[in-house]
Amino acid sequence: QVQLVESGGASVQPGGSLTLSCAASGFVYEVYAIGWFRQAPGKEREILSCISTRDGSTYNQGSAQGRFTISINNAKDTVYLQMNNVKPEDTAVYYCAAVNLVTPQAMCLRRYEPDAWGQGTRVTVSS
């Protein structure tokens with residue numbers, strides 16, 4: 001059973017940067033797609049970006065394109081979300097999730113429900 005723990009959420013001013021971390025453990029399969037989602041107050045959960053644990057290939061969706069970058073450190077079993085030039089509309093709880101044996105594109109296009117979720121980390125963007 002994969003377990004995911006997010007960290008790095010904070011309050012940040014508009015235009016600033018922030019890096020979120022997702023520490024993974026308990027892998028059963030060799031290949032997973034791990035993705036970052038967010039949920040703003042009163043809104044549905046939104047997929048941002050996904051990455052393969054096998055080769056680091058990525059797929060970005062929607063709001064992540066241009067300002068957010070997903071990356072992985074396989075030695076640490078950790079996936080990161082680098083957020084640049086943050087805006088007030090980036091305020092949300094950010095979650096990571098994992099799906100086994102699929103591509104990042106398949107995960108980001110929501111073709112599969114995640115097998116595991118983290119508990120979330122809160123990001124607040126305000127001046």
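Values below: every heavy atom of this structure, side chains too, minus hydrogens, waters and symmetry copies. Counting begins at 1 with the first residue of the sequence.
Residues Ser126 and Ser11 have side chains not in contact (no heavy-atom distance under 4.5 Å, counting atoms from C-beta outward). Contact check for Tyr32 versus Val99: no side-chain heavy atoms found under the 4.5 Å cut-off. Between Met83 and Leu20 there is a side-chain heavy-atom pair separated by less than 4.5 Å. Here the side chains of Arg38 and Leu48 are in contact, with some heavy-atom distance below 4.5 Å.
No side-chain donor-acceptor contact under 3.5 Å links Glu46 to the backbone of Phe37. A donor-acceptor contact shorter than 3.5 Å links the side chain of Asp115 to the backbone of Asn100. Formation of a donor-acceptor pair under 3.5 Å by the Gln39 side chain with backbone atoms of Lys43 is found in this model.
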Query raised in the report: Could you walk me through whether Ile70 and Trp36 pass the side chain to side chain contact (heavy atoms under 4.5 Å, CB included) check?
Result: CA-CA 8 Å; Ile70 192 171; Trp36 282 100; 3.7 Å; yes
Query raised in the report: Are Trp117 and Gln3 close enough, and set up right, to give a side chain to side chain contact (heavy atoms under 4.5 Å, CB included), and what steps lead you there?
Result: CA-CA 7 Å; Trp117 288 94; Gln3 295 182 334; over 6 Å; no
**Report entry** Leu18/Val123 under side chain to side chain contact (heavy atoms under 4.5 Å, CB included): CA gap, chis, key distance, verdict
**Finding:** CA-CA 9 Å; Leu18 195 64; Val123 174; 3.8 Å; yes
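Rounded to the nearest 0.5 Å, atoms CE (Met107) and OG (Ser49) are 10.0 Å apart. Atom CG in Leu109 sits 9.5 Å away from atom CD1 in Ile47 (nearest 0.5 Å). One distance of note links CZ of Arg54 with CG of Asn74; it measures 11.5 Å at 0.5 Å rounding.
Residues passing the ring pair (Phe, Tyr, Trp, His ring centres under 6.0 Å) test with Tyr95: none are found, sequence neighbours excluded. Taking Gln82 as the reference, Thr19, Asn84 meet the side-chain hydrogen bond (donor to acceptor under 3.5 Å, both in side chains) condition, with sequence neighbours excluded.
Closest approach of Glu6 to Gly120, counting heavy atoms only: OE1-N, 2.9 Å. Closest approach of Thr121 to Ser7, counting heavy atoms only: OG1-C, 4.0 Å. Between Arg67 and Asn85, the shortest heavy-atom distance links the atoms NH1-O, 3.1 Å. Annotation for Cys22 and Leu4: closest pair SG-CD2, 3.9 Å, computed over non-hydrogen atoms. When all heavy atoms are compared, the tightest approach of Val125 to Asp90 is CG2-CB, 4.2 Å. Minimum heavy-atom separation, Pro104 to Cys50: O-CB, 3.4 Å.
Linking ILVMFWY residues whenever their side-chain heavy atoms come closer than 4.5 Å, directly or via other members, places Ile34 and Leu101 in the same cluster. When hydrophobic clusters are built by joining Ile, Leu, Val, Met, Phe, Trp and Tyr residues whose side-chain heavy atoms come closer than 4.5 Å, directly or via intermediates, Ile51 is not grouped with Val102. Under the 4.5 Å side-chain contact rule for hydrophobic residues, Ile72 and Phe27 share a cluster.
Ring geometry for Phe68 versus Tyr94: interplanar angle over 60°, hence perpendicular rather than tilted (30 to 60°).
Under a cut-off of 6.0 angstrom, the local environment of CD in Gln119 is crowded, with over 12 non-hydrogen atoms contributed by other residues, nucleotides or ligands.
Counted by atom type alone, Asn73 and Thr78 present zero donor-acceptor pairs between their side chains at under 3.5 Å.
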